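Scroll down for the structure; my scribbles are underneath it.
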Amino acid sequence: MSKKIYLITGGAGFIGSNYIRYLFKRYKDIMIVNLDKLTYAGNTANLKDIESSENYIFIKGDICDNGVVNKVFREYHPDYLINFAAESHVDRSIGNPDDFIRTDIFGVYILLEASKELGIERFIQISTDEVYGSIEKGSFTEESSLKPSNPYSASKTGGDRLAYSYFATYGLPVIITRASNNFGPYQYPEKLIPLFVTNALEDKQLPIYGDGRNVRDWLFVEDHCIAIEFILQKGKVGEVYNIAGASEKENIQITNHILELLGKSNSLIHYVADRIGHDRRYSLDASKLYNLGWKQEYEFGDALKETIQWYKENSDWWKPLKSGEYLEFYKKHYGMEL
Ligand code: NAD
Ligand code: TYD
């Protein structure tokens, strides 16, 4: 059997880089092509340990660029395409939705077209639980209606449904995954957990939105990677799979947990104005994936400990990220200096 070729788009970001690392840990006989635009969130340092591998190729390019995407397909003939590429931060989407609509919808279209014209064995669209919107009680199944409520989740919903349409209309072998909030190593320090861990390590304030009681379901990135690979191999085309962490927490609970693990005082907590359109609670029913045979491997508390340890040991990775445009965004967004 010839080597399987994975085209990973957005592989220099948080989840994509963890997925590439996971694939190389698991398989010896694969080839990985990573196509990434290297936006502010893309970082080649995320894959430093891998970049010299002879089975790895990095291409800097935009998934919205038809010429680049077609060239990659013609040159490497990927078997699988896993699309992680996206603008992914809700707060940035509120101020500036433009790039979200481009990458998260139009970019998906370019990838789907290339796959339809040039062939693909599986197209995995990495969607999100945020497409369902907020839920007060109970959990969303894959059959629930989609009610995204901010420009990020609305753009992701566009990409999600566009991918499905290429299955329904053209028979493209598409599978869609909708995971809950990820955390782990290499997450850009603008998202809740890495922002609060790194701020706390520097004795800086932790800005909690609103009353701090919004609920997210937390999934360790390694469990997410295992689930994606499992779905790629075992999932049915045309289907959607929820991927849950089965660890729902209020933001204030997570914050207190982080402070406790770091031995820091909760006087660092600083309540700030609520995010506009802030979804109250996300919750997934992942029975469909459990019934297919996927099992979560990491317990939340252990995974959080491991994650915090990683940020403690890798300040060389995150300190340079908290500079330049980041500081400008921070000041404008939170109304305070970092
Ligand atoms: P991230 O922001 O860390 O990384 C995104 C990557 O995509 C970056 O490397 C960036 O350079 C690249 N990129 C952006 N625009 C591009 C373009 N036009 N062309 C090529 N590359 C481009 O995001 P993440 O947290 O790793 O999320 C990855 C995917 O998983 C996204 O699709 C996101 O919607 C989805 N997701 C994320 C979470 C989460 O909690 N982080 C949860 C569920 C789903
Ligand atoms: P985030 O990590 O941005 O993920 P998402 O909005 O995609 O779920 O935020 C997680 C939760 O934490 C969300 O309810 C917003 C909240 N939050 C804060 O309270 N303060 C912050 O500085 C950030 C970034 C998030």
Side-chain angles (χ1 to χ4, degrees), residues 8-19 34-44 46-47 59-65 68-69 82-94 99-100 102-104 106-108 110-111 124-131 134 150 152-153 155-157 159-160 177-184 186-196 199 205-219 221 224-225 228 242-245 249-252 254-255 269-275 277-282 284 330 333-334:
I8 311 288
T9 48
F14 163 49
I15 306 173
S17 63
N18 275 283
Y19 183 64
N34 177 8
L35 173 66
D36 195 298
K37 186 180 172 184
L38 296 183
T39 66
Y40 78 95
N43 186 352
T44 50
N46 295 1
L47 287 161
I59 296 157
K60 183 176 185 313
D62 188 338
I63 61 163
C64 301
D65 184 336
V68 168
V69 170
I82 298 96
N83 179 31
F84 294 94
E87 288 294 334
S88 70
H89 190 37
V90 173
D91 292 327
R92 287 181 187 255
S93 84
I94 293 167
D99 284 345
F100 288 75
R102 250 175 59 77
T103 294
D104 301 8
F106 186 75
V108 179
I110 295 293
L111 296 176
I124 310 289
Q125 170 62 13
I126 306 296
S127 187
T128 164
D129 63 351
E130 301 198 24
V131 300
S134 188
N150 59 61
Y152 163 66
S153 53
S155 305
K156 288 296 293 184
T157 307
D160 176 317
T177 65
R178 296 181 184 146
S180 48
N181 283 63
N182 279 224
F183 67 103
Y186 300 102
Q187 187 169 28
Y188 194 79
E190 64 184 353
K191 304 283 168 63
L192 181 79
I193 291 182
L195 174 65
F196 281 18
N199 275 12
Q205 290 181 326
L206 313 186
I208 295 202
Y209 299 151
D211 64 1
R213 301 201 56 196
N214 298 61
V215 173
R216 296 292 183 266
D217 171 44
W218 293 95
L219 171 67
V221 66
H224 189 189
C225 294
I228 294 167
N242 287 345
I243 310 173
K249 315 271 176 211
E250 289 183 348
N251 294 334
I252 186 67
I254 296 269
T255 308
I269 294 174
H270 186 67
Y271 284 91
V272 296
D274 207 355
R275 171 186 281 172
H278 195 174
D279 285 335
R280 192 65 176 167
R281 175 171 173 261
Y282 295 143
L284 288 179
Y330 201 90
H333 180 66
Y334 293 104

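Keep in mind it's a predicted model, so treat the numbers as computed, not measured. Atoms within a ligand are numbered from 1 in the order they appear, just like the ligands themselves.
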Taking it one step at a time, do Gln125 and Thr177 satisfy side-chain contact (heavy atoms from CB on, under 4.5 Å)? CA-CA 6 Å; Gln125 170 62 13; Thr177 65; over 6 Å; no

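- Looking at every heavy atom in both residues, Ser88 comes nearest to Lys191 through OG-NZ, 2.9 Å.
- Scanning Ile193, Asp36, Ile228, Thr177 for the heavy atom closest to atom 9 (O) of ligand 1 points to Asp36.
- At under 3.5 Å, a nitrogen or oxygen of Gly13, whether backbone or side chain, sits near a nitrogen or oxygen of ligand 1.
- In the vicinity of Asn181, heavy-atom distances shorter than 4.0 Å reach the ligand 1 atoms 40 (O).
- With rounding to the nearest 0.5 Å, the separation of OG1 in Thr39 from CZ in Arg92 is 8.5 Å.
- In summary, the atoms of ligand 1 found under 4.0 Å from a heavy atom of Ser180, numbered by their order in the structure, are 42 (C), 43 (C).
- Residue Gly61 comes nearest to Val68 through the heavy atom pair CA-CG1, 4.2 Å, listed as atom of the first residue, atom of the second, then distance.
- The pair Lys60-Asp36 does not count as a salt bridge, with every side-chain nitrogen at least 4.0 angstrom from each carboxylate oxygen.
- Side-chain contact, Asn214 with Arg280: a donor N or O sits under 3.5 Å from an acceptor N or O.
- Of the protein's heavy atoms, Ile15 CD1, 3.7 Å lies nearest to atom 27 (O) of ligand 1.
- In terms of protein heavy-atom proximity, atom 15 (N) of ligand 1 is closest to Thr103 CG2, 3.5 Å.
- Every atom of ligand 1 with a heavy atom of Ala86 under 4.0 Å away is listed here by number and element: 5 (C), 7 (O), 14 (C), 31 (C), 32 (O).
- A salt bridge does not link Glu87 to Arg102: none of the charged nitrogens lies less than 4.0 Å from a carboxylate oxygen.
- Polar contact with ligand 1: absent for His224 (N/O pair, distance under 3.5 Å).
- Of the polar atoms of Ile63, at least one N or O is found under 3.5 Å from an N or O of ligand 1, judged by distance alone.
- With a 4.0 Å cut-off on non-hydrogen atoms, Lys156 touches ligand 1 through its side chain and not its backbone.
- The single protein non-hydrogen atom nearest to atom 30 (O) of ligand 1 is Ile126 CG2, 3.4 Å, given as residue, atom name and distance.
- The shortest non-hydrogen separation linking Ala85 to Ile63 is CB-CD1, 3.9 Å.
- The backbone N or O of Arg281 lies less than 3.5 Å from no partner atom in the side chain of Asp279, so there is not a single donor-acceptor pair.
- Remark: minimum distance from atom 6 (C) of ligand 1 to any protein heavy atom is reached at Gly10 O, 3.8 Å.
- No part of Phe100 comes within 4.0 Å of ligand 1, judged by heavy-atom distances.
- Using a 4.0 Å heavy-atom cutoff, Ser17 is absent from the residues neighbouring ligand 1.
- In this structure, Ser127 and Asp160 approach most closely via the heavy-atom pair OG-OD2, 2.8 Å.
- Within a 6.0 Å radius of CZ in Arg213, no more than 12 heavy atoms belonging to other residues, nucleotides or ligands are found.
- Aromatic ring orientation, Tyr40 versus Tyr188: perpendicular (interplanar angle above 60°, classes split at 30° and 60°).
- Side-chain polar atoms of Ser180 and Asp129 form no donor-acceptor pair below 3.5 angstrom.
- Counting atoms of ligand 1 from 1 in the listed order, those under 4.0 Å from a heavy atom of Ser127 are 43 (C), 44 (C).
- Gly107 does not count as a contact of ligand 1, since none of its heavy atoms falls under 4.0 Å from the ligand.
- The shell of residues lying under 4.0 angstrom from ligand 1, judged by heavy atoms, excludes Thr9.
- Ligand 1 places these atoms under 4.0 Å from at least one heavy atom of Phe84: 28 (C), 29 (C), 31 (C), 32 (O).
- The two residues Gly245 and Asp217 have their closest heavy-atom pair at N-OD2, 2.8 Å.
- By the criterion of a heavy-atom distance under 4.0 Å, both the backbone and the side chain of Asn182 are placed next to ligand 1.
- The cationic atom of Arg275 (NZ for Lys, CZ for Arg) does not lie both less than 6.0 Å from the six-membered ring centre of Tyr209 and within 45° of the ring axis.
- Of all the atoms in ligand 1, the ones that sit under 4.0 Å from a non-hydrogen atom of Gly61 are 19 (N), 20 (C).
- A donor-acceptor pair shorter than 3.5 Å cannot be found between the side chains of Tyr152 and Glu130.
- Asn34 and Tyr19 share no donor-acceptor pair across their side chains, judged by distance under 3.5 Å alone.
- Near Leu38, the atoms of ligand 1 lying under 4.0 angstrom from a non-hydrogen atom of the residue are 11 (O).
- For Phe14, a nitrogen or oxygen atom sits less than 3.5 Å from a nitrogen or oxygen atom of ligand 1, counting backbone and side chain alike.
- For a threshold of 3.5 Å applied to N or O pairs, the pair formed by Tyr152 and ligand 1 contains at least one separation below that value.
- Contact detail for Gly210 and Tyr271: the closest heavy-atom pair is O-CD2, 3.2 Å.
- Considering backbone and side-chain atoms alike, Cys64 places every N or O at 3.5 Å or more from each N or O of ligand 1.
- In this structure, atom 43 (C) of ligand 1 lies nearest to the protein heavy atom Ala179 O, 3.4 Å.
- Annotation: atom 23 (O) of ligand 1 to nearest protein heavy atom, Ser88 OG, 3.3 Å.
- Within ligand 1, the atoms closer than 4.0 Å to a non-hydrogen atom of Asp62 are 17 (C), 18 (N), 19 (N), numbered from 1 in the order shown.
- With Ser155 contributing its side chain and Asp104 its backbone, the two residues share no donor-acceptor pair below 3.5 Å.
- Closer than 4.0 angstrom to ligand 2 sit non-hydrogen atoms from His89, Val90, Glu130, Asn181, Glu190, Lys191, Leu192, Leu195, Phe196, Pro207, Ile208, Tyr209, Asn214, Arg216, Asn251, Arg275, His278, Tyr282, Tyr334.
- Atom 20 (C) of ligand 1 has as its closest protein heavy atom Lys37 N, 3.2 Å.
- The main-chain N or O of Asn150 is found under 3.5 Å from a side-chain atom of Ser153 such that the two form a donor-acceptor pair.
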